[in-house]
Engineer: 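My structure is below; once you've seen it, I'll send some questions.
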Amino acid sequence: MPTFQMNSASSVSAAFYLHQAKQAYSKEHWNEACRFAQLCLTSVKNDSVIRNSALGVLSVALIMSMKMQQALTVCLELNAALPNHLGNLNNLGYIFISHKRFDQALIYLNRAVGLEPSYIHAVLNLGFALVGNEKIALAKDSFLKVMALDPNEIKAQYGLAEVLVKEGKIKESLDLNDQILQRELNHFREHSRLIFKHHYLYPYDMQRTTKALQRFGSLLTSVTQIRYSELSEHMPLRVGIVSPDFCNHAVAYFLENTLVQIRQDSELSSKLILVGYYNRHVQDETTHRLRALFHDWRQSDEWDDSRLIEQIREDQIDILIDLSGHTDGNRLLVFAKKPAPLQVSWLGWFNSTGLEAMDYVLADPISVPTSDEQWFSEKVWRLPHLRYCFSIPQYAPDVSPLPSLKSPRFVFGCYQALVKINDGVLSCWSKILKSCPQADLRIQSASFDNDELRSLFIQRCNNVGLDLSRVSLAHGMERQAYFSSYAEVDILLDTFPYPGGTTTAEALWMGVPTLTLTLPGMLGRQGEALMTNAGLSDWVAQCEVEYVRKAIDLANGDWIQREALARLRVSMRERVRFSPVFNAQRFAVEFVDAMYEMWQRQCNEV
């Protein structure tokens, strides 16, 4: 492991160390390159040429070793000495992109491109920084420029596929990705991103998604798995949880109260030793709270797969749980090597992983009925009610009165990411408003802060005939203000085939029910699972026609129906508090029981 405190022998010159560092660099021996570059830096005195050269070698070696924070420090030092160093400016941009600090990335990448417009690496990274900053037209220009400079640059084509997603052109994006991956079979990360994007496509194509999962799994069949010849039942079980989302993220909202209940209950706490493996550098209040709930914590965002596997093995993990699936920041290549004898997919993913090495997926009776087991490479383990439990929100105000009791207008609401609001959803909303002259629609999204994305969305609304004079497009807001905004809506309209999860649970807590359309797949049935477990199965539609009809009936209801909706709103919080949606105490018991039952079965099978 490279450090910044190494000392060199005075008899060996800095030039020699630099030569050794460059030799290691040329062979892609990154740890060795780090070591010799650092020795050079500790021994060099007044030779700025040698010093800057060593900083350049060290920065790249650290990036290739995934030590981004250390690489940033080195790159900034080199930038102070050589502010026009193209490679270093590009590397700074790359590091800030990896940290999702896109504004900072743009500063350095724009400078690099300004100095050398044909510097293809900087133009490419500029495109990805612009995508991250949601400057879609400029991002497309950058990727097209890269294609003009080098028509075979695959990453620019991937970038164009991401632009298509931002434009709401999901099918076109998937088709482009498929074309690329037919030529570049071993791009594991891109295969994974493609699988995630499948869930935005409407109509949802289960068979196409399953083929993509099978293709991903087939790429890893040659990976050597660690084998376990003997397993024994014992207590406590050591359970590792791997995630990039131990921060202010939807996954954490579902996870936190379950961990709290496990740690507060002496019997449950005695059964599990929890080890967290955190794959993101972000540290916020949620991170600090979650960290305190684990017995051990590993900051693994700068670890390569081998280092993470080594630590999991050293920690003697019995059950390793993946919370990411094919979402951003996943470590599925680690799970493919089977670093723990029992591996489980849970919470942050809503389908099969496609991995032979993943033993189980945690589900529930609604989200994965028996007939759907055919779509999973894992064995399906159903928890009794829901596959997760939502943590009671910290910043939620009291439930507000039903707005339509005081106003003749009935307000539908939606808080989903714009990528979930496809043309099929918009068409249904258009039909609903046309049949409900006293109804309005309020859509809230942080993407509306971006004029370009707002314009693209308005254009899509116009294309399906949605009356924008009755649609309010609200900007993103802080969490407390977001909860308060539920006072402005009567009910929520869900998206499909990618429905709400977090927003549906939060809306229930605020007394606002969600009208959801259930579709095939674990994700497609997510709204049904939540609403049914909240005791609101009549808010589930089985087809578009029923979805539209139910919405129309609610908006056009008479005063008696409005009063019934108002009573439901006022009673909702206490109604759902002890339901499976929020009852973390009961869920924690079910979760721990599942761990032991799966472990027992695994022991018997081995």
Side-chain angles (χ1 to χ4, degrees), residues 250-265 268 346-348 350 362-369 381-402 413 415-416 479 482-483 486-487 489-495 499-518 522-542 550 554 564-594:
V251 167
Y253 302 158
F254 283 93
L255 179 66
E256 185 172 1
N257 275 10
T258 298
L259 297 186
V260 167
Q261 290 300 321
I262 291 173
R263 293 306 302 272
Q264 287 181 349
D265 186 306
L268 295 180
W346 178 51
L347 187 55
F350 30 73
L362 278 186
D364 58 62
I366 293 176
S367 64
V368 184
W381 190 281
R382 293 176 185 82
L383 295 169
H385 303 96
L386 260 178
R387 68 187 187 93
Y388 45 48
C389 179
F390 199 74
S391 303
I392 291 175
Q394 292 187 340
Y395 304 106
D398 292 338
V399 173
S400 61
L402 186 75
Y415 291 86
Q416 299 298 337
R479 193 154 171 76
Y482 151 71
F483 280 115
Y486 278 101
V489 300
D490 291 288
I491 70 168
L492 294 193
L493 293 176
D494 211 351
T495 50
T502 303
T503 51
T504 301
E506 289 170 341
L508 286 169
W509 191 251
M510 295 308 301
V512 180
T514 298
L515 176 61
T516 188
L517 170 58
T518 191
M522 180 188 282
L523 180 61
R525 295 190 183 91
Q526 179 167 258
E528 179 186 4
L530 284 164
M531 297 305 290
T532 301
N533 277 281
L536 298 168
S537 58
D538 52 332
W539 288 79
V540 180
Q542 302 296 321
K550 281 178 175 284
L554 286 162
L565 187 58
R567 288 193 299 273
L568 174 64
R569 187 182 185 104
V570 171
S571 64
M572 181 85 75
R573 185 169 290 184
E574 290 310 307
R575 176 177 185 155
V576 300
R577 184 188 297 274
F578 299 106
S579 76
V581 180
F582 289 98
N583 192 337
Q585 186 174 16
R586 179 168 65 182
F587 182 83
V589 173
E590 295 170 353
F591 177 82
V592 173
D593 286 347

Engineer: Please name the pair of heavy atoms, one in Ala396 and one in Arg573, separated by the smallest distance, quoted to 0.1 Å.
Structural biologist: CB-NH2, 4.1 Å

Engineer: Please, which pairs that meet side-chain hydrogen bond (donor to acceptor under 3.5 Å, both in side chains) have at least one residue in residues 384-394, sequence neighbours excluded?
Structural biologist: His385-Glu590, Tyr388-Gln526

Engineer: Test of understanding: with salt bridge (charged side-chain N to carboxylate O under 4.0 Å, His left out), list the residues that count as partners of Arg569, not counting sequence neighbours.
Structural biologist: none

Engineer: Taking only residues two or more places apart in sequence or in another chain, which ones pass side chain to side chain contact (heavy atoms under 4.5 Å, CB included) with Pro397?
Structural biologist: Phe483, Ser484, Met510

Engineer: Under 6.0 Å between ring centres: does that hold for Tyr486 and Tyr415?
Structural biologist: yes

Engineer: Please confirm whether the backbone N or O of Thr516 pairs with a side-chain atom of Thr514, one donor and one acceptor, at under 3.5 Å?
Structural biologist: no

Engineer: What's the spacing between Met522 CE and Asp364 CG if we round to 0.5 Å?
Structural biologist: 7.5 Å

Engineer: For residues Leu568 and Pro513, determine if any side-chain heavy atom of one lies less than 4.5 Å from a side-chain heavy atom of the other.
Structural biologist: yes

Engineer: Got a sec, which residues hit side chain to side chain contact (heavy atoms under 4.5 Å, CB included) with Val592, two or more places apart in sequence or on another chain?
Structural biologist: Ile262, Leu268, Lys271, Leu272, Tyr596

Engineer: State which residues pass side-chain hydrogen bond (donor to acceptor under 3.5 Å, both in side chains) with Arg382; sequence neighbours excluded, sorted by chain then number.
Structural biologist: Glu373

Engineer: Can you list every pair that meets side-chain hydrogen bond (donor to acceptor under 3.5 Å, both in side chains) and has a residue in residues 250-262, with sequence neighbours left out?
Structural biologist: Asn248-Tyr253, Glu256-Arg289

Engineer: Mind checking side chain to side chain contact (heavy atoms under 4.5 Å, CB included) for Ala566 and listing every partner two or more places apart, or none if nothing turns up?
Structural biologist: Leu402, Leu405

Engineer: Might you point out which heavy atoms bring Phe582 and Cys389 nearest each other, and give the distance in Å?
Structural biologist: C-SG, 3.4 Å

Engineer: Sequence neighbours excluded, which residues qualify as salt bridge (charged side-chain N to carboxylate O under 4.0 Å, His left out) partners of Arg575?
Structural biologist: none

Engineer: Only counting residues at least two apart or in another chain, list the ones meeting salt bridge (charged side-chain N to carboxylate O under 4.0 Å, His left out) with Arg567.
Structural biologist: none

Engineer: Once rounded to the nearest 0.5 Å, what's the spacing between atom OG of Ser367 and atom CZ of Arg525?
Structural biologist: 8.0 Å

Engineer: In a table with atom names and distances, give each donor-acceptor pair under 3.5 Å that connects a side chain of residues 527-540 to protein atoms at least two apart or in another chain.
Structural biologist:
unit_1, atom_1, unit_2, atom_2, d
Glu528, OE1, Thr518, OG1, 2.7
Thr532, OG1, Glu528, O, 2.7
Asn533, ND2, Ala529, O, 2.8

Engineer: Identify, with sequence neighbours excluded, every residue that meets side chain to side chain contact (heavy atoms under 4.5 Å, CB included) alongside Leu362.
Structural biologist: Val344, Trp346, Trp381, Leu383, Phe591, Met595, Met598

Engineer: Sequence neighbours left out, what pairs pass salt bridge (Lys or Arg N to Asp or Glu O under 4.0 Å) with at least one residue falling in residues 500-515?
Structural biologist: Arg479-Glu506

Engineer: Might you point out which heavy atoms bring Leu386 and Val581 nearest each other, and give the distance in Å?
Structural biologist: CD1-CA, 3.8 Å

Engineer: Side-chain contact, heavy-atom cut-off 4.5 Å: Val251 with Leu347?
Structural biologist: yes

